[in-house]
*Asks:* 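Before anything else, here's the structure in question.
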Amino acid sequence: MPSYETIEHDVLVIGAGGAGLRAAVAASSAGVRVGLVCKSLLGKAHTVMAEGGIAASLANVDERDGWRVHFADTMRGGQYVNNWRMAELHAKEAPDRVRELEAWGALFDRTADGRILQRNFGGHKYPRLAHVGDRTGLEMIRTLQDHSIHLGIDVHMECTVLRLLTDGGRIAGALGYDRERGRFRVYRSKAIILATGGIGRAYSITSNSWEYTGDGQALAYDAGAALQDMEFVQFHPTGMIWPPSVRGILVTEGVRGEGGVLRNNQGRRFMFDDIPENYRAQTADNEEEGWRYTQGDRDARRPPELLTRDHVARCIRREVAEGRGSPHGGVFLDISWIKQRLPNAREHIIRKLPSMYHQFKQLADIDITTTPMEVGPTTHYIMGGIRVDGDSQMSTVPGLFAAGECAAGLHGANRLGGNSLSDLLVFGKRAGEFAAQFAREPGSPAIDPAEVDGAIRDALEPFERPPAAGGDGPYQVQQDLQTMMQELVGIVRTGPEMERALEGLERLKERARRVGVPGNREYNPGWHTALDLGNLLTVSEAVTRAAIERRESRGGHFRDDCPEKDPAYGKFNIVVRKGADRRMELVREPIAEMPGELRRVIEEQK
Ligand SMILES: Cc1cc2nc3c(=O)[nH]c(=O)nc-3n(C[C@H](O)[C@H](O)[C@H](O)COP(=O)(O)OP(=O)(O)OC[C@H]3O[C@@H](n4cnc5c(N)ncnc54)[C@H](O)[C@@H]3O)c2cc1C
């Protein structure tokens, strides 16, 4: 059995995106020893890709904004199955978290009088997104990274965590391996914070990078934690679709926030054709009003292109399915038209959307200041994840915390753009503080060496089965899983298709068990992919089972065979756990009653 190094911290943070870094800063500031592990290089997390901005009701651009409006917008967007306590804390604390980031050195775009500028985004009533052009995530990561390095946090880069270790049901540590040399490490830790991001790589068309294989969700599930709302996957309406090599890459909602419009192949702005009843009063009923809104007219209502992502994605899919799509199977997103309205449109677009300009110029040879983009839905985000306590972010396993995209609750059935970056800051901080507090409590959990040996043996098994023995390679299994999830558990679902997906998952699990890899442990991408497969299969099964259980359509979950929202399904969350027989179990957990004060806020904002 290969040997392993043992490293000890009070709190171990797994994941160095916005949530992990903010959590590490909070835990370290509370005076405990903190370790931070990440799969890639520090600074390369998903958060760095975030474009549009951070939602916080700073009210710098419109003084009518405030936590009440942000809370009500988040709950409406999430179709009221959100954890209302998290939505309340998020709306109240996000402004302070953004100002704190500024105090630590983040340079946001400014208003004329020098305050943080805020932009419009889908589902937000007022301009609310603090941003840095369309490179907000980069600024956020840069700032948090600087700050955490100065606090003396131990960073373990290019290390993948494979297993959480428990002692009598509470967290005791984690097993990982360094990707470069394939050596194993045991991290002893009294508390662990998972901040591992999303699951986008379970689908073939996605805006997510290679790292997002649902590791945190699967690690937590295997350690006995509950997952919640896994059926709610967000398909962002605007991903690139052409050329094929760039399919899925995100086109920020900021394009629509700056006045970009969606048209079908007949030139029609089809979003005006289908405005949901619960958004009608807030939505412009003509193009002129929509334009005025994007230019900051306080009396105008938002254009229908800025309705919630689930709705816009389905409208695009409908246009394509009914033969009104663009040549490569999407629709047209046009920002170039604003030259009819603004004398300096070209400079304006390049200044406001520099990454989009370069992305299309370099990857698709399209100049977005003169030519419409072709776009279509792309798997972007998962609202579901690890079930946590709203205040502390502790999961159902003592000592195991989760924050950011891998945690569930805040966004309910659909996330509003910009609410992820603020989620990372608000709940990263809380997770760090509560984990530090937990780690200070008496007791010192022990790690069972037999458990470690067993996990190492499992990790090395793919080398026992060289491909010549007839098994599949890991890439083939991963690709077949992605294609199946895209086709059968994608943007529009039906019960029979998802039942077929469950059968397909059983076959894929069997193939994954037989996957073999050649070579040795030193930087071996085939081995890394083989190890990711188990996580992808776990989260895919959780998404599929929960989606079968939810026999209605709500937010990111749309079923062609149950197209209406059913109020009975608004009363509970679907929770998934590992049963005693190691099979996945589903339960319906009632949503706690919302306090009268919060109910009144929602009524007031209708
Ligand atoms: C292109 C794009 C644009 C976006 N724009 C916006 C936006 O403008 N506003 C907004 O609010 N949201 C946006 N989002 C969503 C938002 O960026 C993400 O939801 C958010 O950054 C997730 O942050 P996180 O800290 O939870 O995880 P991530 O930033 O995803 O970081 C996860 C970390 O976990 C590590 N990790 C994963 N598995 C393991 C493992 N097994 N062992 C060790 N480490 C592991 C990774 O290496 C990484 O360090 C965007 C997303 C994309 C893809």
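Atoms within a ligand are numbered from 1 in the order they appear, just like the ligands themselves. Scope of the values below: all heavy atoms of this structure, side chains included, with no hydrogens, waters or symmetry mates. Computed from a predicted structure; not experimentally measured.
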*Asks:* Can you name the residues that form a salt bridge (charged side-chain N to carboxylate O under 4.0 Å, His left out) with Glu461, not counting sequence neighbours?
*Replies:*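 Per chain and number, Glu461 pairs via salt bridge (charged side-chain N to carboxylate O under 4.0 Å, His left out) with Arg465.
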*Asks:* Between Asn414 and Gln234, is there a side-chain donor-acceptor contact under 3.5 Å, judged purely by atom types and distance?
*Replies:*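 Note: Gln234 and Asn414 side chains meet the donor-acceptor criterion.
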*Asks:* ring-ring contact (aromatic ring centres under 6.0 Å, His included) with Tyr177: which residues, sequence neighbours excluded?
*Replies:*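 If we apply the ring-ring contact (aromatic ring centres under 6.0 Å, His included) test to Tyr177, skipping adjacent residues, the hits are Trp527, His528.
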*Asks:* Are Arg415 and Tyr381 in a cation-pi contact, defined as NZ or CZ under 6.0 Å from the six-membered ring centre and within 45° of the axis?
*Replies:*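 Output yes; distance and angle both within limits.
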*Asks:* Suppose we screen for salt bridge (charged side-chain N to carboxylate O under 4.0 Å, His left out). Which residues come up paired with Asp229, at least two apart in sequence or across chains?
*Replies:*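 For Asp229 there are no salt bridge (charged side-chain N to carboxylate O under 4.0 Å, His left out) partners, ignoring immediate neighbours.
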*Asks:* Stepwise, does the side chain to side chain contact (heavy atoms under 4.5 Å, CB included) test hold for Phe184 with Asp178?
*Replies:* CA-CA 7 Å; Phe184 292 98; Asp178 84 88; over 6 Å; no
*Asks:* Which protein residues come within less than 4.0 angstrom of ligand 1, counting heavy atoms only?
*Replies:*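 Ligand 1 is contacted, at a heavy-atom distance under 4.0 Å, by Ile14, Gly15, Ala16, Gly17, Gly18, Ala19, Val37, Cys38, Lys39, Ser40, Ala45, His46, Thr47, Met49, Ala50, Glu51, Gly52, Gly53, Cys159, Thr160, Val161, Ala195, Thr196, Gly197, Ser207, Glu211, Tyr212, Asp215, Leu250, His380, Tyr381, Gly404, Glu405, Arg415, Gly418, Asn419, Ser420, Leu421, Leu424.
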